[in-house]
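So that the names make sense, note that chain A is the first sequence line, chain B the second, and so on, each numbered from 1.
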Number of protein chains: 2
Amino acid sequence: MINGNQKWRANLGREMRRGFLSVLLLWILKKRGEPMYGYEIIQTIAKTTQGQWVPKAGTIYPILRRLESKGFVKSEWSSKSAGPSRRYYRITPEGREAERRILLEWKRHMSGFRDFLHDLLEVD
Amino acid sequence: MINGNQKWRANLGREMRRGFLSVLLLWILKKRGEPMYGYEIIQTIAKTTQGQWVPKAGTIYPILRRLESKGFVKSEWSSKSAGPSRRYYRITPEGREAERRILLEWKRHMSGFRDFLHDLLEVD
DNA sequence: GGGTGTATGTAGCCACACTACATATTTATA
DNA sequence: TATAAATATGTAGTGTGGCTACATACACCC
């Protein structure tokens, strides 16, 4: 039972990141303003959360592919720099529009649960 | 393609609510302080969001069952009131603890993305 | 040659929000 | 007294996406 709870907790944490992560990637690309490659995004999240959250490669790359298949990002190979070649992703106008709409929808749905959202924001 | 985007957008909205909804139910039960039944929870969410979000029965009841199977809520039938009998759910100490830990984990993972979270909070 | 860091990728699993439908009871209305 | 509407709960099946586990390849250092 204790084991079960821990398993569920871990899963719930995962579930809470679902959807959020895709939108967060769009948001990160939008904010950065210039193309980023997958590994760079992983490092960015790791650094931003001070190592609290280090997404796995197997999590990030599929998301980027999905975003691209929807036309929300576009990628380009680049081997200018040293090391393995990188695939740079940049957000498209459709991606910006999608991100905006998704956040709006989420806000609409969550409007009224300000206390709950505050619990999610407040520093411990 | 346009159709595809709209479909995806709808799904992403759904995905963003994933996990959140389960935790939100725990939060609602915690805040209310007394047992609530499924239909009441649906109405509460509808009212709180001013009709912007009216969860379907098929969404809420399975969640409550899952929460109960994990020991986070406990239910009791009651036919005291008029109308069809109701199943009242109340949060357990394990449920409170789980909710607390999940929110903490989420905050840890999201720490550093304050700007993003602010975008999620700000009034339009 | 072996180890580490950089960089990308895929097959398969699992959980959960949602659709679509079914059922039963009570109350209001014609 | 039918019958429609509101109340109340439920379940089978679908789609999706985060994640695990693994594989590949290049550059550099020892």
Side-chain angles (χ1 to χ4, degrees), chain A residues 4 7-26 35-46 53-70 72 75-89 102 105-106 109, chain B residues 4 7-25 36-46 53-70 72 75-89 102 105-106 109:
Chain A
K7 189 175 180 296
W8 187 83
R9 207 146 51 212
N11 288 339
L12 233 274
R14 167 199 288 199
E15 296 305 327
M16 285 189 78
R17 289 190 287 282
R18 276 191 67 156
F20 257 90
L21 193 41
S22 300
V23 182
L24 182 61
L25 290 201
L26 284 179
M36 297 175 78
Y37 55 101
Y39 198 76
E40 186 184 10
I41 292 173
I42 292 170
Q43 289 176 129
T44 297
I45 292 175
W53 185 19
V54 185
K56 298 296 185 305
T59 298
I60 297 302
Y61 292 112
I63 290 177
L64 289 169
R65 301 195 124 246
R66 270 179 247 137
L67 291 176
E68 182 154 36
S69 77
K70 301 302 177 187
F72 295 160
S75 71
E76 227 175 326
W77 282 101
S78 165
S79 49
K80 291 173 204 163
S81 59
S85 35
R86 300 164 174 172
R87 180 181 265 188
Y88 280 87
Y89 293 86
I102 292 163
E105 184 193 299
W106 199 80
H109 280 156
Chain B
K7 189 176 180 295
W8 187 81
R9 208 145 51 210
N11 287 338
L12 232 272
R14 166 198 288 199
E15 297 306 326
M16 284 189 79
R17 289 189 288 280
R18 272 189 69 155
F20 257 90
L21 192 42
S22 299
V23 181
L24 182 61
L25 290 201
M36 297 175 79
Y37 55 101
Y39 198 77
E40 186 184 11
I41 291 173
I42 292 171
Q43 289 176 128
T44 297
I45 292 175
W53 185 19
V54 186
K56 299 294 184 307
T59 298
I60 297 302
Y61 292 113
I63 291 177
L64 289 169
R65 300 193 125 244
R66 270 179 248 136
L67 291 176
E68 181 153 38
S69 77
K70 301 301 176 186
F72 294 159
S75 71
E76 227 175 328
W77 281 100
S78 166
S79 49
K80 291 173 204 164
S81 60
S85 35
R86 300 164 173 170
R87 180 181 265 188
Y88 280 88
Y89 294 86
I102 292 162
E105 184 192 299
W106 199 81
H109 279 155

Rounding to an integer number of Å, can you tell me how far [X] [atom1] sits from [N] [atom2]?
{"X": "B/Ile41", "N": "D/dT7", "atom1": "CD1", "atom2": "P", "answer": "16 Å"}
{"X": "B/Lys56", "N": "D/dA12", "atom1": "NZ", "atom2": "C1'", "answer": "18 Å"}
{"X": "B/Ile102", "N": "C/dC16", "atom1": "CD1", "atom2": "C1'", "answer": "14 Å"}
{"X": "A/Trp77", "N": "C/dT6", "atom1": "CH2", "atom2": "P", "answer": "17 Å"}
{"X": "B/Phe20", "N": "D/dG17", "atom1": "CZ", "atom2": "C1'", "answer": "16 Å"}
{"X": "A/Glu76", "N": "C/dT8", "atom1": "CD", "atom2": "P", "answer": "14 Å"}
{"X": "A/His109", "N": "C/dA17", "atom1": "NE2", "atom2": "C1'", "answer": "12 Å"}
{"X": "A/Arg65", "N": "C/dT8", "atom1": "CZ", "atom2": "C1'", "answer": "9 Å"}

_Nearest-neighbour nucleotide for the B/Arg87 side chain, D/dG18, C/dA17, D/dG10 considered_ =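 Looking only at side-chain atoms, B/Arg87 lies closest to D/dG10.
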
*C/dA17, C/dA7, D/dC19: which one has an atom nearest the side-chain heavy atoms of A/Pro84?*
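Selected nucleotide: C/dA7.
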
Regarding [X], tell me which of base, sugar-phosphate or nothing describes its non-hydrogen contacts under 4.0 Å with the strands shown.
{"X": "B/Pro62", "answer": "base"}
{"X": "B/Gly58", "answer": "base"}
{"X": "B/Gly83", "answer": "sugar-phosphate"}

Under 4.0 Å from OP1 or OP2 of [N]: is there any side-chain N or O of [X] that close?
{"X": "A/Arg17", "N": "D/dG17", "result": "no"}
{"X": "B/Tyr39", "N": "D/dT9", "result": "no"}
{"X": "B/Tyr61", "N": "D/dG10", "result": "no"}
{"X": "B/Ser22", "N": "C/dA17", "result": "yes"}
{"X": "B/Arg86", "N": "D/dA8", "result": "yes"}

*Is the base of C/dA15 touched by the side chain of B/Arg18 through a donor-acceptor pair closer than 3.5 angstrom?*
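Side chain to base: pair found, below 3.5 Å.
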
*Is the shortest heavy-atom distance from the side chain of A/Val54 to the side chain of A/Ile45 under 4.5 Å?*
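Of all side-chain heavy-atom pairs linking A/Ile45 with A/Val54, none is under 4.5 Å.
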
*State, with a plain yes or no, whether a side-chain heavy atom of B/Tyr39 is found less than 4.5 Å away from one of B/Tyr61.*
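With C-beta onward as the side chain, the pair touches.
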
*Any idea how B/Phe20 and A/Trp106 line up, ring-wise: parallel (<30°), tilted (30 to 60°), or perpendicular (>60°)?*
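Ring orientation, 0 to 90° scale: perpendicular.
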
*Starting at the 5' end of DNA chain D and moving along, which residue's nearest nucleotide shows up first, A/Thr59 or B/Gln43?*
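Nearest nucleotide further toward 5': that of B/Gln43.
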
*asked:* With a 3.5 Å distance limit and no angle check, can you tell me whether B/Glu76 reaches the backbone of B/Arg87 through a side-chain donor-acceptor pair?
replied: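 A pair under 3.5 Å: no.
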
*Check whether any side-chain N or O of B/Thr44 sits under 3.5 Å from a backbone N or O of B/Glu40 as a donor-acceptor pair, and report yes or no.*
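Flag set: sc B/Thr44 to bb B/Glu40 pair under 3.5 Å.
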
